[in-house]
Amino acid sequence: MKQKLMALLFIVAVGFTSCDNKDDVDDSKYAEYLVATPITIAKSELKNSVDIIAPLPIDESGKMYAYKNYIFINDKYKGVHVIDNINPSAPKKIAFIKIPANVDISVKDDYLYADSLTDLLVLDISDINNIKQVNRLENVLGSNVIWPARADFYEYDEIDYNTEIVVGWKTETEKRLIEDYENNFKGRNVAFAEIALANDASVGQGGSLARFKIVEDYLYAVDSHNINVFNIQDLGSPKNLDTVFAGFDIETIFNRGNHLFLGSMRGMYIYDITSPATPTLVSEFEHGTACDPVVVDENYAYVTLRGGNECGATESGLFIIDISDITKPTLKKTYPMDSPYGLGIKDEKLFVCDGDSGLKVYDKTNVENLVSLNHFKDINTFDVIPLTETLLMVGDEKLYQYQYKENSIKLLSTLLLQ
């Protein structure tokens, strides 16, 4: 009994000693921050990880693509959701194409082209219920750096770059020292640099944020610096023709006739594809540093610049650029925006996804005096695709479809993607 009592007293004493020595936490030194950690897969798994599975809730909706009666929505860095849109009033998810590190797709004659890091995949979607991979071209795409999601801290020290590949990021809110955040913020550009070094009716339609563009028998795929050119005359067996250096921070590609319009964080670049295998620079329009998708009609290019973020600019807006002389693009008019992303045009209508400020619809007959037709305010918007009879829009993990009505549009359906 005496030994048991002594043991109990010892345990109690240790407990009190531990409590007495415990440092008091000063909550004023801490704050809640968003912490990003990488999602990785083994390099050996990348080739064998493509799969067609049942529909899943979307994690982070990305770019859209419309083809025939189907809509494809990218789940950033994870793959593509397939939506049956034969009835636009009641679309439904029917499958998920699992593709690690995927950001873009394009489709021609039932062949779907998709990126998987630096590889180009070819899938046969002629039977939408039995999608098959038919080809994989390895290391033919330049490095599109998979940037971390917006966060205050990036935990990537444990990555083994010899055996692992970063295919995405997950974020969680955690309490961290304010002092650590301030020190981390000062060195953020260095951290990004380290991560970067480690890593016709037969054709569908993408949005303004697309990096893939099919023009007749050629697929143009832009990465951060280049235009990668593929001959797809044999749809199942693309030929890698050339890689054309196009500048820095290339983000988007748009086509009008014999010209490609590239949007970058620095400006808009125009390339001639009269000789489709060898795009040649015609002219450029510099606008400073900002995120920059672009769409084009006969005489003007419409560019949204989003500031107040990692893109570097402080102000956001819509730039309208006169391209009537393709060799000398000049700024025609600017309009203030809040936080614009994608945009689209159909006939005389201009659609602008202005982030949390909603979808804005304008009559662009007179570009120097845009007339507001609609403003859908209470939604978050990301990108749009204007089709013949309807408008597709994705934002806030939802797919919206609108129907054109004379000089306005009305909501037709909403599909929750989560």
Do N74 and N102 have side-chain N/O donor and acceptor atoms under 3.5 Å apart?
yes

Report task. On the 0 to 90° scale, with breaks at 30° and 60°, tag the Y218-Y220 ring pair as parallel, tilted or perpendicular. Result -> parallel

Looking only at heavy atoms, the pair that brings I345 and V296 closest together is CD1-O, 3.1 Å

TODO: For the pair D272 and N258, evaluate side chain to side chain donor-acceptor pair (under 3.5 Å) and give the outcome as yes or no after the intermediate values.
DONE: CA-CA 6 Å; D272 189 302; N258 287 327; 6.0 Å; no

inquiry  = Has S275 got a side-chain atom pairing as donor or acceptor with T278's backbone, closer than 3.5 angstrom?
reply    = no

Are D152 and R176 within salt-bridge range, i.e. N to O under 4.0 Å? no

Output for pair (S339 OG, Y341 OH), nearest 0.5 Å, gives 4.5 Å

Looking at E216, is its backbone amide N or carbonyl O close enough to the side chain of K108 to form a donor-acceptor pair, meaning the two atoms are under 3.5 Å apart? yes

_Using a 3.5 Å distance criterion without hydrogens, assess whether the side chain of Y33 forms a donor-acceptor pair with backbone atoms of T173._
no

ask   = Would you find a donor on one side and an acceptor on the other, under 3.5 Å apart, between the side chain of N87 and the backbone of S89?
value = yes

Salt-bridge contact K76-D59 (side-chain N to carboxylate O under 4.0 Å): no

- request: Give a yes-or-no answer on whether the side chains of D110 and Y67 include a donor-acceptor pair shorter than 3.5 Å.
  value: yes

In short, H81 meets L56 closest at the heavy-atom pair CE1-O, 3.3 Å

Scanning both residues in full, the closest heavy-atom pair of F285 with P329 reads CD1-O, 3.9 Å

Ion pair check, K132 and D124, cut-off under 4.0 Å
no

Would you check if the side chain of S413 reaches a backbone N or O of P88 as a donor-acceptor pair within less than 3.5 Å? yes

Problem set entry | Check: H259 main-chain N/O paired with N255 side-chain donor or acceptor under 3.5 Å | yes

Q.
With no hydrogens and no angle check, just 3.5 Å: does a side-chain donor-acceptor pair link Y402 and T390?
A. no

Closer than 3.5 angstrom, by distance alone: can the side chain of T40 be matched with the main-chain N or O of E164 as a donor-acceptor pair? no

Distance-only polar pair, side chains of N299 and D322, donor-acceptor under 3.5 Å:
no

Residues A301 and V294: closest non-hydrogen pair is CB-CG2, 4.1 Å

Backbone N/O of D354 and side chain of T381: donor-acceptor pair under 3.5 Å: yes

Exercise. For D160 and T163, test the side chains for any donor-to-acceptor distance below 3.5 angstrom and give the result as yes or no.
Key: yes

### Query
Do the charged groups of D249 and R266 touch, with an N to O distance under 4.0 Å?
yes

Worked verdict on D223 versus H225 for side chain to side chain contact (heavy atoms under 4.5 Å, CB included) | CA-CA 6 Å; D223 58 53; H225 305 313; 4.1 Å; yes

**Message:** Between N369 and N366, is there a side-chain donor-acceptor contact under 3.5 Å, judged purely by atom types and distance?
**Reply:** no

Looking at I53, I want to see if its CD1 is surrounded by more than 12 non-hydrogen atoms of other residues, nucleotides or ligands under 6.0 Å. yes

Closest non-hydrogen atoms of A66 and L387, given as atom of the first, atom of the second and distance, are CB-CD2, 4.0 Å

Where the side chain of K360 meets the backbone of S372, is there a donor-acceptor pair that is under 3.5 Å apart? no

Side-chain touch L391/Y400, heavy atoms, less than 4.5 angstrom: no

Practice problem: Examine the side chains of N69 and N85 and answer whether a donor and an acceptor come within less than 3.5 Å of each other. | Solution: no

Quiz item: Given the rule in the side chain to side chain donor-acceptor pair (under 3.5 Å) test, do Y271 and T280 qualify, once you have shown the distances and angles that lead to the verdict?
Solution: CA-CA 5 Å; Y271 278 78; T280 56; over 6 Å; no

Sorted by chain and number, sequence neighbours left out, salt bridge (Lys or Arg N to Asp or Glu O under 4.0 Å) with D234 holds for none

Ion pair check, K364 and D297, cut-off under 4.0 Å: yes

Quiz item: With no hydrogens and no angle check, is any side-chain donor or acceptor of D104 less than 3.5 Å from a backbone partner on A210?
Solution: no

* **Side-chain H-bond candidate by donor/acceptor type, S61 with E397, under 3.5 Å** => yes

